[in-house]
Protein chains: 2
Amino acid sequence: MKHDAMHMAGKPTLGFRPLYRQVRDILVKRIADGVWQAGQMLPSEPEIAAELDVSPGTVRKALDEMTAENLVVRRQGRGTFVAKHDDARILFQFFKLIPDSSVREFPDSKVLNLTSGINPEAASQLGLGRRDCVLVLDRIRTLAGQACVLERICLPAALFPGLEKREVPNNLYQLYAMEFGVTIGHASEKLKAVAATGEEAQHLGVAVGEPLLRVDRLAFSLDQRPVEWRVSLCRTDQAHYISDLR
Amino acid sequence: MKHDAMHMAGKPTLGFRPLYRQVRDILVKRIADGVWQAGQMLPSEPEIAAELDVSPGTVRKALDEMTAENLVVRRQGRGTFVAKHDDARILFQFFKLIPDSSVREFPDSKVLNLTSGINPEAASQLGLGRRDCVLVLDRIRTLAGQACVLERICLPAALFPGLEKREVPNNLYQLYAMEFGVTIGHASEKLKAVAATGEEAQHLGVAVGEPLLRVDRLAFSLDQRPVEWRVSLCRTDQAHYISDLR
DNA sequence: CATAATTTGTCCGTATGTATC
DNA sequence: GGATACATACGGACAAATTAT
């Protein structure tokens with residue numbers, strides 16, 4: 001690794017990546033493959049450096065990036081740990097709806113429906129073939145005692161075998177990681193204001209035509225593949241969605 | 001600086017900051033104070049290191065952070081430059097509304113109204129006294145040929161003297177920086193779905209009661225003070241707001 | 001067009017401080 | 001207190017990109 005072909009050649013190859021990024025990729029892959037599991041401590045920086053035959057500084061830079069991506073957590077004096085999808089992290093990274101006059105809070109969930117079958121639209125969003133089997137989960141979420149979010153979650157059935165026959169917990173991303181080895185790395189959301197239809201209005205306890213915030217999320221696994229498509233309809237009369245621009 | 005009092009004492013002071021962060025603060029202050037202006041090249045890393053009597057690696061780490069915060073831009077072989085609020089940056093960092101079936105685009109603006117006076121609500125948002133003078137700018141913005149955003153922008157009059165008597169350009173953050181020495185560093189937005197009122201509906205060409213996306217933004221200067229409060233009402237029938245979760 | 005100078009990017013190695021067990 | 005781990009700081013060597021000569 002130290003005397004990488006990329007560096008020896010006069011010209012860098014087209015697909016050249018810096019050494020620290022190659023190291024990063026190796027470490028990410030170990031997490032994605034479950035070699036190092038959620039919450040587990042990584043080997044120390046000098047150990048990783050010795051194993052991969054790079055300098056400690058290079059490992060440090062790779063871990064710096066992974067820390068910035070929320071893939072690992074570093075604790076001085078203790079070690080570096082694979083980030084867990086615990087409630088606190090989900091709350092800050094993936095749940096952006098906050099009660100207007102109160103603090104951040106993890107919503108309860110009630111499952112309405114869980115089916116599997118053909119769903120061309122969802123399959124397209126998830127990058128599957130039109131006829132690949134898709135799981136569809138409908139649920140309603142409660143914030144500060146009020147039904148607040150109605151959401152439909154679509155998943156590639158192939159990645160989550162047996163999910164239909166299982167109790168579905170509140171924290172889905174933890175379930176994906178712990179039970180199916182699918183770790184969500186990041187997600188991209190598209191927001192619109194829409195009018196409530198009859199069925200939606202009934203679930204959320206609002207009038208038909210009332211404005212709702214529609215959040216269309218595509219979530220990606222650590223290897224950058226789309227693995228969840230989620231559409232949430234949110235009441236925003238007593239809550240708001242936060243977005244920080246930096 | 002090298003033999004900082006913080007380091008000599010056996011115990012770190014309560015308000016201790018790492019050296020590279022102290023360096024960062026000095027450099028940020030120079031940008032905030034206009035010593036180094038937008039687009040200007042900074043001295044080279046070894047020069048800054050020599051001037052502040054720290055090692056080049058420490059300056060490098062300070063600049064790394066500032067790069068991550070979009071305060072400076074580094075270009076290999078050329079130098080490090082103070083980030084400009086040019087259209088491209090505004091478009092990616094601060095304008096999150098994208099046409100559904102097209103690419104990112106910088107919206108046109110038409111000023112409806114520009115007044116100054118007492119405004120307790122805006123003053124409170126901006127951290128001013130209730131009776132401090134506030135500038136209020138109303139404008140309407142066009143995306144893909146369609147009136148799309150109706151927004152009200154509130155500013156502390158004390159920071160923007162003479163703004164009322166001036167032509168107001170499309171790119172406000174550039175104006176703040178170039179003409180008034182106020183650089184926006186980051187912003188925080190709260191989103192809700194609301195129903196259009198009569199006046200709003202007329203401006204945006206929709207029916208009364210139609211759902212609109214209400215974006216409530218507080219923007220902060222480099223020294224972390226709130227300097228702009230902006231409420232935007234957006235049509236989202238042919239556009240959407242994007243938010244990346246990482 | 002070729003070369004040199006400048007600047008950031010990458011990589012390396014060491015020493016010391018701080019937190020935890 | 002000692003051992004271990006990460007955090008900080010330092011400084012140097014070479015590569016890559018750009019600009020000036």
Side-chain angles (χ1 to χ4, degrees), chain A residues 1-27 36 40-68 71-83, chain B residues 1-27 36 40-68 71-83:
Chain A
M1 170 78 74
K2 191 173 293 184
H3 304 291
D4 191 283
M6 304 288 191
H7 287 86
M8 302 307 283
K11 279 280 183 190
T13 315
L14 208 63
F16 167 77
R17 314 200 75 195
L19 185 53
Y20 72 86
R21 202 173 289 274
Q22 297 178 39
V23 170
R24 187 206 88 106
D25 291 344
I26 293 172
L27 302 184
W36 295 325
Q40 193 179 332
M41 190 173 109
L42 271 58
S44 76
E45 293 176 356
E47 276 177 311
I48 296 174
E51 188 219 338
L52 300 180
D53 193 21
V54 300
S55 93
T58 302
V59 173
R60 166 160 290 268
K61 187 151 183 175
L63 289 175
D64 282 347
E65 280 206 344
M66 293 170 69
T67 301
L71 297 183
V72 297
V73 175
R74 309 226 258 193
R75 271 176 273 180
Q76 189 174 354
R78 294 187 55 190
T80 303
F81 301 81
V82 181
Chain B
M1 169 79 73
K2 190 174 291 183
H3 304 293
D4 191 282
M6 303 289 193
H7 287 87
M8 303 306 284
K11 279 278 184 190
T13 314
L14 208 62
F16 167 76
R17 315 200 75 197
L19 185 54
Y20 71 87
R21 202 173 291 272
Q22 298 177 39
V23 170
R24 187 206 89 105
D25 290 345
I26 293 173
L27 302 184
W36 295 326
Q40 192 178 333
M41 189 173 113
L42 271 57
S44 76
E45 292 176 357
E47 276 176 311
I48 295 175
E51 188 218 340
L52 300 179
D53 193 20
V54 299
S55 94
T58 301
V59 173
R60 167 162 293 268
K61 186 151 183 173
L63 289 174
D64 281 346
E65 280 206 344
M66 293 170 69
T67 301
L71 298 182
V72 297
V73 175
R74 311 169 85 155
R75 272 176 271 180
Q76 188 172 355
R78 294 187 52 190
T80 303
F81 301 80
V82 181

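No hydrogens, no waters, no symmetry mates; every other heavy atom, side chains included, goes into these values. This structure is a prediction, so every number in the text was calculated from the model and none was measured.
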**Q** Quickly work out the A:Glu47 CD to D:dA3 C1' distance and round it to whole Å.
**A**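 About 14 Å, once rounded to whole Å.
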**Q** Separation of B:Glu45 atom CD from C:dT6 atom P, in whole Å?
**A**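 Interatomic distance, CD of B:Glu45 to P of C:dT6: 16 Å.
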**Q** Rounded to the Å, how far apart are B:Asp53 CG and D:dG11 C1'?
**A**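 To the nearest whole Å, that distance equals 14 Å.
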**Q** Rounded to whole Å, please give me the gap between OH in A:Tyr20 and P in D:dA16.
**A**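 A:Tyr20 atom OH is separated from D:dA16 atom P by 14 Å.
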**Q** Whole angstroms only, please: what is the CZ-P distance between A:Arg74 and C:dT18?
**A**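 Value for this atom pair: 18 Å.
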**Q** I'd like to check A:Arg78 versus A:Met41 (side-chain heavy atoms, cut-off strictly below 4.5 Å). Are they in contact?
**A**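 No, their side chains stay 4.5 Å or more apart.
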**Q** Under 4.0 Å from OP1 or OP2 of D:dT4: is there any side-chain N or O of A:Ser44 that close?
**A**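 No, outside the criterion.
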**Q** Round to the nearest Å and state the distance from A:Leu19 atom CG to D:dA15 atom P.
**A**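 In whole Å, D:dA15 P and A:Leu19 CG are 14 Å from each other.
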**Q** Let's test your reading of the model: under 3.5 Å, does the base of D:dA16 pair with the side chain of B:Gln76 as donor and acceptor?
**A**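 Counting by modelled atom types and ignoring angles, a donor-acceptor contact under 3.5 Å is found here.
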**Q** Taking the side chain of A:Arg78 as heavy atoms from C-beta outward, which of D:dC6, C:dG9, C:dT20 is closest to it?
**A**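 Shortest atom-to-atom distance from the side chain points to C:dT20.
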**Q** Tell which nucleotide pairs with C:dC1, taking only Watson-Crick or G-U wobble pairs whose two distances are both under 3.5 angstrom.
**A**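 By the stated definition (distances under 3.5 Å), nothing pairs with C:dC1.
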**Q** If you check every side-chain atom of A:Thr58, which of C:dT10, C:dC12, D:dA9 has the closest atom?
**A**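 Of the candidates, C:dC12 comes closest.
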**Q** Whole angstrom is fine here: how far is it from CD in A:Glu65 over to C1' in C:dG9?
**A**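 Checked: the CD to C1' distance equals 13 Å.
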**Q** In whole angstroms, how far is the P atom of C:dT10 from the CZ atom of A:Arg24?
**A**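 For the pair A:Arg24 CZ and C:dT10 P, the rounded distance is 14 Å.
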**Q** To check you understand the geometry: which heavy-atom pair defines the closest contact between A:Pro43 and A:Trp36, and what is its length?
**A**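 For A:Pro43 and A:Trp36, the tightest heavy-atom pair comes out as CD-CZ2, 3.5 Å.
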**Q** Would you indicate what B:Gly57 reaches in the nucleic acid, counting non-hydrogen atoms under 4.0 angstrom: base, sugar-phosphate, or nothing?
**A**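 Since no nucleic acid heavy atom lies under 4.0 Å of B:Gly57, the category is nothing.
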**Q** Here's a test for you: under side-chain contact (heavy atoms from CB on, under 4.5 Å), which of B:Leu63, B:Leu52, B:Val23 qualifies with B:Thr58?
**A**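 Exactly one pass, corresponding to B:Val23.
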**Q** Rounded to the nearest 0.5 Å, how far apart are CE of A:Met66 and CG of A:Leu42?
**A**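 Rounded to the nearest 0.5 Å, the CE-CG separation comes to 6.5 Å.
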**Q** Checking contacts here: which listed nucleotide (D:dT8, D:dA7, C:dC11) is nearest the side-chain heavy atoms of A:Pro18?
**A**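 Nearest listed nucleotide: C:dC11.
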**Q** Side chain of A:Arg60 only, heavy atoms from C-beta on: which candidate in D:dC10, D:dA7, C:dG13 is closest?
**A**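 Looking only at heavy atoms from C-beta outward on A:Arg60, the closest nucleotide is D:dA7.
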**Q** OP1 or OP2 of D:dA5 sitting under 4.0 Å from any side-chain N/O of A:Arg75?
**A**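 Indeed not, no polar side-chain atom of A:Arg75 lies that close.
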**Q** Can you tell if the side chain of A:Arg74 reaches within under 4.5 Å of the side chain of A:Asp64, non-hydrogen atoms only?
**A**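 Contact flag for A:Arg74/A:Asp64 side chains = yes.
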